[in-house]
Colleague: 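First, the structure itself, so that you have it in front of you.
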Amino acid sequence: MIICSDITISVCIAVRLLKKHENQQLALETAPSRALYFKVCLLGSDICFLCTSLVSWIKIHEHEEHFKRMNEDSLMHAPEFVIKPRSHTVWEKQCVRLHCTVSGWPDPRVVWWVTDSTSPITSPQARPLNFLLHVVSMVLCFHAFYSCESAVAHLTLAKALTLLSPASSAEGPVSEYGITFQTHIVDKFGVSFGREGETMSLGCTVVIYPALHRYQPEVQWYRDDVLLSPSKWHHMHWSGDRATLTFTHLNKEDEGLYTLRVTTKSGYETYSAYVFVRDADAEVEGAPGAPLDVRCLDANKDYIIVTWKQPAVDGGNSILGYFVDRCEIGTTHWIQCNDTPVKFARFPVTGLVEGRSYIFRVRAVNKSGMSHPSRVSEPVAAMDPVGSFTFSMMTSSFFVCRCVILCFMFCPLEGVVPGQPLELQVTEATKNYVVLSWKPPGEKGLEGVMYYVEKVYYTSWQRVNTEIPVKSPRFALFDLAEGKSYRFRVRCCNSAGVGEPSDPTEATTVDIPSAPGKVVPTRNTDTSVVVSWEASRDAKELIGYYIEGSIVGSQVWEPCNNKPVNATRFICHGLITGEKYVFRVRAVNAAGLSQFSQESEPVEVKAAIASPAPPYGITVLECVRDSMVLAWKQPTFIGGADITGYFVDYREIIDGVPGKWHEANIKAVSERAYRVSDLKENRKYQFQVRAANMAGVGIPSLPSDTFLCEEWTIAVPGPPHDLQIRDVRNDSLVLLWKPPVYQGRNPVNGYYVDIKEADAPEEAWRGVNNKATETTYIKVGIQNLKEGESYVFRVRAQNKAGVGKTSDVTEPVPALTKPGTKEIVVDVDDNGVISLNFECGDLIPDSKFVWSKNYEEITDPSRLTIETKGNKSKAVFNTPAEEDIGIYSCLVTHTDGASASYTLSEEELKRLLEISHDHKFPIIPLKSELAVELLEKGRVRFWLQAEKMSANGKVDYVFNDNVLSQGEKYKMNFDKNTGVIEMIMESLTPADEGTFTFQLQDGKATNQSSLVLIGEGTFIYISFTSFFLTAMLVPGPHFIEYLSYEVTPECCVILKCKVGNMKKETSALWYKDGHQIKADEHLGFTEGVLKLEIAQVRKGEKKNGVKCGLMFLYVYLSNSSTPLKITSTDEGIRLYTFVSYYNDLLQVTWHYKDSAIAFSDRIKSGVVGEQLWLQIKEPTEKDMGKYAIEFNDGKGGLRRSVELSGQAFDDAFAEFKRLNVLEIKNVFMVIIKVNYDVLSGRARVAGGLPDVVTIQEGKALNLTCNISGDPVPEVTWLKNDREITSDDHCILKFESGKFASFTITGVNTSDSGKYSILVKNKYGTESGDFTVSVFIPEDVGGKKK
């Protein structure tokens, strides 16, 4: 032991010796080896130890002036704590900064220690100092969680030992200046998923109350309980009320559990959530993911050992190995360190330049290609580490500050050969290299030692470092032969010689770990599962585990984590709700990945069931002498299962002292209101409520306020209760409530609803409704809401006595439509079934769809049938009727209030019933009704055209209720492409007089069209014409010129025609109105021309005779027209039809989209021979549409139409372009001038009549339609094709020449039938039809008369 006075003497002697030998450098170099003996005494301790160090020959090159400036007193100043570390009381995980000021010369080194630790928490700290520099005081400031850089010591070192024990406070948070801060973290970030290379931000809003000006809390971020500091990879930001952590470039190293910690003077608040980082898309399909967590384990001037973690994703093929790249600091050039891939996740990099710093990265490779490079390591210098130091530890639970006094003296050297190195072991071993470490020998004298390392393969020991001994008790051996077994030993040496070798050791390699044991998944939330497993047995240097999951039956495995987890339990997030998953786990260490564990049992992803949270908001709804009715609010968390009931407890309060709790109900109550009986009048009570579900009974609520049990005698009602808010949208919401239990002296006759902004003062309450509503619900509209604003509501009931107490205030609700919100959709299917449909995307397995009418749950299935499948629910009306009118709503349980409403009004019901009828009894639309044409050889063609029919459509041809079939007389044809249906008869005979009907069916859709060939006029005309056309084709007389007429100046009418192939025996017969004309009517016959002169034609004869003949002629000519067709010319597109004979007196009108065409230079019509055409020059897409030609025969005319659109227009337009280029001219055209006055003045029924009128017997029927035409048309009403006249029962009116009305004062079943209105003037005739159906009131449910 050396006392303090000896220290001063020794220091002075040492200084004088140095000065004496200042100019004797050579003598020092040739003198025998000298050693400095350091004897260290730890003041206040019985522990002493010796430390020796080999000191190089001292060379002094300082000038004499330097020594003159040096103060004698400052030389060799022992270490001294100027300011000692002081004790701290800190919160758990709180950052603490320890300060101390140390002086001494040479500059002392400072090392921090913690209680019970066997190694320092920092490396020695000091500035690199020259031995003879002037000493100044140095202040060292350390954070306890930071490691500090080391510097090389030249002569001496000082030690300071500081130990810290955790501080705690038994009295809880300490408030400052009497203020207790309340911290709330809101607007939290959830479980997040990112991808490598992306940016991500995590943020929370922090509310601190009270808010003090300039007071800032301490905000810290942790990853896996490790405090984060700002770096190039992530930045922290605090705005005063929001904390944000931003990742500039995500890497898999960033995956983990992130915690935000906000600390105030009164305590702290934390929030945590997991962040998952997936691999970036590989540049080559099938390439593995990038390695991660690249670190440098051992740094020397000769080598640096780089280690990393294997990726979870191998791309579907086993990883062949890894390539390590290095880059020197200050450059951007990356150099590959290994020529062949290494399979071990650890690699010694050699060939480095001593003193330079490097960063490293690693890439994985499989047979598909190379992965992305990993994140680069931290920079590391290729330098030998500073020698390690051994310290004597003292166990203490408090801060201890001790100065270590350092002394040295020159002593003669004793030659002692060092002993055996101790505790030789292999600290790191792979297939290609090992790292050895040991402790210095106990017997080594006072001189420093060096080491020789030897290895043996069989029996012969070989020295590894033959040239240069090792100074550090750590050595790495490279280039070992793979597969061979080596043993190693170490010898010590000094100037006295080489000592005995250490005990040999076996080199052990790190093997791939075994597969983990049984994997057990457990339900957690609706998107996550907790997976636990048994750890791998005998795993060396285990890094962690990777977990994979797969949907049952898919055989597709996805990684659940991309960064190894050290525990044997992990929460797998991002799963699909309702799906069943299996999981497997494998372990990873530096040697590689283990085999997968066995697959777990399947587990369904759904929220785990727990007991519910406590209810809250207990209030009194009614109070009598011995009972009280309580109400409360549903718990905020129901535990993942429906609440099955509630339990109520009560206790009596006597003089402010609460008594024991008593159960109010043994059997759980399902409603959130309950009457507690057997109470004592004028006593005070408190209540608590517990909720229960299938997982159990939850904890009780906080005790309620103290209520006095006394009978209420007020006249006004009590408060409504159980307020609920549904159908929240940006501009509306629905508020529901239950009536008050206490009615007052009179029944409740209405309710008032109040609203205010959530953060507004009490005086901001305002009424939603000025007039009391009788319902227990109300829809709050946009006039009371502002989008995004939060509101609260309350309700008051009233009776004759007045308005009663207000209800409890609702929780704040923002007027905001949540993303993904759906509305109820009404649908009518092909069978005419009316249904309401609702879809919800936020379902959990226990969610249910609850349908209500007028916000009361529908339990009677007689009116509605509820069908639910997956996330969709349907309410089907069984027999929709007036009693179904109301408000229908659907609420989805176990969601964030997913609901919607639909109002079925009387008008909406009527509209849906009409659509339903059309779907039940669909009609095949027709382009044209059944018509008849006369063809050559006397054949007759019946035809119609359907709008659209499928390939499965079929037609029945019926004559007088008899189905016709294909044969010699009838030829049927159905062109399903055009929809044209035709039947051709070879000839028309008297036996064919009757009704022809085409009945169409296409699936459920049907239609029919009939043509009646009965009656003197129509049948005689067709028969005559058919006979006439037949006669043209047989040898004998035939008409060369058809019948025509002329009027002479004497007002005589001459009918004439020309007949060919006449013979002497040919005779001619004239008919008038179907009767043969007598001979005295001037029958003449010369040169084949037949003439009939009608002298002095009277008005009646002219009208009934001549005009009747002309009508027959016009009918024949119009019926002989062919279907309207489309062709192209070099000028444009032409529409045309042929007639068997054309006469200038034949009046035709062209129409476009049911309107008469106004002709111009671009659109013209004309006649060429028997062809009538419409020419469209330079057509464009605006000319597309429906065209028609109308033949005016005095009865309403005949129309031929064609659709110039779609493919027909495209083909015609293309042909026109082709002909236009070739300049091919078409036939000459003759322009027909159309009398526009005639077209515009034709009689028409403009509209206003329905197709079908269904009316109840005894009701009044009134219909009105618009009539147009110039001159004013004549109006005729028909019932079942018979004319009717106006009387007291059926009133017919035609007013102002424009409005025709039809009124039946009181309908009965005899009024059912088909009605028509017929309007005509000199330019044409038109009709409108409708059907009246009268039903008896008793038959409303089904039958209609």
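Note that the structure is predicted; figures quoted are calculated from it, not measured.
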Colleague: Could you grab the distance from atom CE of M628 to atom OG1 of T619, nearest 0.5 Å is fine?
Modeller: 10.0 Å

Colleague: Hey, are R242 and D187 close enough for a salt bridge, meaning a charged N less than 4.0 Å from a carboxylate O?
Modeller: yes

Colleague: Using side-chain heavy atoms (C-beta onward) and a distance below 4.5 Å, is I725 in contact with V728?
Modeller: yes

Colleague: Could you give the distance from NZ (K822) to CG (N837), rounded to the nearest 0.5 Å?
Modeller: 12.5 Å

Colleague: What pairs of residues pass the ring pair (Phe, Tyr, Trp, His ring centres under 6.0 Å) test when at least one of them lies in residues 773-815, not counting sequence neighbours?
Modeller: Y777-Y855

Colleague: Say whether, by atom type as modelled, one donor and one acceptor occur between the side chain of T527 and the main chain of G574 under 3.5 angstrom.
Modeller: no

Colleague: Does R766 pair with D754 as a salt bridge, N-O distance under 4.0 Å?
Modeller: no

Colleague: Working to the nearest 0.5 angstrom, can you tell me the gap between E711 CD and C623 SG?
Modeller: 8.0 Å

Colleague: What I want to check is whether the side chains of Q220 and Y222 have a donor and an acceptor closer together than 3.5 Å.
Modeller: yes

Colleague: Find the distance between CD (E757) and OG (S790) and round it off to the nearest 0.5 Å.
Modeller: 10.0 Å

Colleague: Report yes or no: do W661 and Q686 form a side-chain donor-acceptor pair below 3.5 Å?
Modeller: no

Colleague: Answer whether the closest heavy-atom distance between the side chains of L260 and T270 falls below 4.5 Å.
Modeller: no

Colleague: Can a salt bridge be assigned to the pair D526 and K606 using a cut-off of 4.0 Å between side-chain N and carboxylate O?
Modeller: no

Colleague: Does a donor on one side chain sit under 3.5 Å from an acceptor on the other, for S852 and E857?
Modeller: no

Colleague: Evaluate R863 against E883 for salt bridge (Lys or Arg N to Asp or Glu O under 4.0 Å), listing each step before the verdict.
Modeller: CA-CA 9 Å; R863 304 302 309 168; E883 59 187 288; 3.8 Å; yes

Colleague: Among side-chain atoms of S905 and T903, is any donor-acceptor pair under 3.5 angstrom?
Modeller: no

Colleague: Side chains of R794 and K756: does their closest heavy-atom pair fall under 4.5 Å?
Modeller: no

Colleague: Can you list the steps and then say if L212 with F181 is a side-chain contact (heavy atoms from CB on, under 4.5 Å)?
Modeller: CA-CA 10 Å; L212 299 183; F181 292 98; 3.4 Å; yes

Colleague: Quick check against the 3.5 Å criterion: does S701 have a side-chain atom that pairs as donor or acceptor with the backbone of V689?
Modeller: yes

Colleague: For F838 and W851, I'd like to know if the aromatic rings sit close, meaning centre-to-centre distance below 6.0 Å.
Modeller: no

Colleague: Counting only heavy atoms from other residues, nucleotides and ligands, does the tally under 6.0 Å from CD of E908 exceed 12?
Modeller: yes

Colleague: Check whether S704 reaches the backbone of F687 with its side chain - one donor and one acceptor, N or O, closer than 3.5 Å.
Modeller: yes

Colleague: Name the residue from V620, V624, L621 that meets the side-chain contact (heavy atoms from CB on, under 4.5 Å) definition with W712.
Modeller: V620

Colleague: Assess, by modelled atom type and distance only, whether the side chains of D241 and S239 contain a donor and an acceptor separated by less than 3.5 Å.
Modeller: yes

Colleague: For D678, I'd like to know if atom CG has over 12 heavy atoms of other residues, nucleotides or ligands within 6.0 Å.
Modeller: no

Colleague: Heavy-atom distance under 4.5 Å between the side chains of T264 and I208, does that happen here?
Modeller: yes

Colleague: Considering residues, nucleotides and ligands other than D842, do more than 12 of their heavy atoms fall under 6.0 Å from its CG?
Modeller: no

Colleague: Does one side chain, of S889 or S901, offer a donor that lies under 3.5 Å from an acceptor on the other?
Modeller: no

Colleague: Between K633 and D808, is the closest basic N to carboxylate O distance under 4.0 Å?
Modeller: no

Colleague: Between D759 and E789, is there a side-chain heavy-atom distance shorter than 4.5 Å?
Modeller: yes

Colleague: Show the numbers, then the answer: is there a ring-ring contact (aromatic ring centres under 6.0 Å, His included) between F707 and Y650?
Modeller: CA-CA 11 Å; F707 301 117; Y650 68 94; over 10 Å; no

Colleague: Are any non-hydrogen side-chain atoms of Y274 and L257 less than 4.5 angstrom apart?
Modeller: yes

Colleague: Taking N730 for the side chain and I782 for the main chain, is one N or O donor matched with an acceptor at less than 3.5 Å?
Modeller: no

Colleague: Counting the benzene-type ring for Trp, do Y751 and W737 have ring centres under 6.0 Å apart?
Modeller: yes

Colleague: Yes or no on salt bridge (Lys or Arg N to Asp or Glu O under 4.0 Å) for R911 and E906, after CA distance, side-chain angles and deciding distance?
Modeller: CA-CA 9 Å; R911 183 185 71 86; E906 184 177 355; over 6 Å; no

Colleague: Do S201 and T246 get their side chains close enough for a donor-acceptor pair, meaning under 3.5 Å?
Modeller: yes

Colleague: Looking at E787 and R729, is there a salt bridge between them, counting it only when a charged N and a carboxylate O are closer than 4.0 Å?
Modeller: no

Colleague: Can you see whether S677 engages S627 through a side-chain donor-acceptor pair at a distance of less than 3.5 angstrom?
Modeller: no

Colleague: For the residue pair Q743 and N799, confirm or rule out a side-chain donor-acceptor distance under 3.5 Å.
Modeller: no

Colleague: Could you tell me if the ring centre of Y888 sits under 6.0 Å from that of F877?
Modeller: yes

Colleague: Any donor and acceptor pair, going by atom type alone, linking the side chain of N854 with main-chain N or O of I887 inside 3.5 Å?
Modeller: yes

Colleague: Looking just at side-chain N and O atoms, do N524 and S528 make a donor-acceptor pair shorter than 3.5 Å?
Modeller: yes

Colleague: From I866 CD1 over to C890 SG, what is the distance, rounded to the nearest 0.5 angstrom?
Modeller: 8.0 Å

Colleague: Tell me whether E774 at atom CD has more than 12 heavy atoms from other residues, nucleotides or ligands lying less than 6.0 Å away.
Modeller: no

Colleague: Do NZ/NE/NH1/NH2 and the carboxylate oxygens of R675 and E622 come within less than 4.0 Å?
Modeller: yes

Colleague: Is K853 atom NZ crowded by more than 12 heavy atoms from other residues, nucleotides or ligands, each under 6.0 Å away?
Modeller: yes

Colleague: If we count only N and O atoms by modelled type, under 3.5 Å, do the side chains of N693 and S611 hold a donor and an acceptor together?
Modeller: no

Colleague: Taking the side chain as every heavy atom from C-beta outward, state whether L735 and V795 have any pair of such atoms under 4.5 Å apart.
Modeller: yes

Colleague: Heavy-atom distance under 4.5 Å between the side chains of L202 and V275, does that happen here?
Modeller: yes

Colleague: Flag the pair D896 and K818 as a salt bridge only when some basic side-chain nitrogen lies within less than 4.0 angstrom of an acidic carboxylate oxygen.
Modeller: yes

Colleague: Within the distance-only criterion (no hydrogens, no angle test), does the side chain of N871 pair as donor or acceptor with the backbone N or O of G841 below 3.5 angstrom?
Modeller: no

Colleague: Taking 4.0 angstrom as the limit, do K779 and D727 come out as a salt bridge?
Modeller: no

Colleague: Does the ring center of F189 lie less than 6.0 Å from the ring center of Y258?
Modeller: no

Colleague: Begin from the C-alpha positions of Q634 and I643 and carry the test side-chain contact (heavy atoms from CB on, under 4.5 Å) through to its verdict.
Modeller: CA-CA 9 Å; Q634 179 176 292; I643 291 181; 4.1 Å; yes

Colleague: Decide if atom CD of Q783 counts as having more than 12 heavy atoms of other residues, nucleotides or ligands within a radius under 6.0 Å.
Modeller: yes

Colleague: Can you tell me if N665 uses its side chain to pair, donor with acceptor, with the backbone of K667 under 3.5 Å?
Modeller: yes

Colleague: Look up atom CG in L912 and atom CG in D827, then write down how far apart they are to the nearest 0.5 Å.
Modeller: 10.0 Å

Colleague: Would you call E882-K910 a salt bridge at under 4.0 Å N-O?
Modeller: no

Colleague: W632 and ring pair (Phe, Tyr, Trp, His ring centres under 6.0 Å): which partner among Y616, F647, Y646?
Modeller: Y646

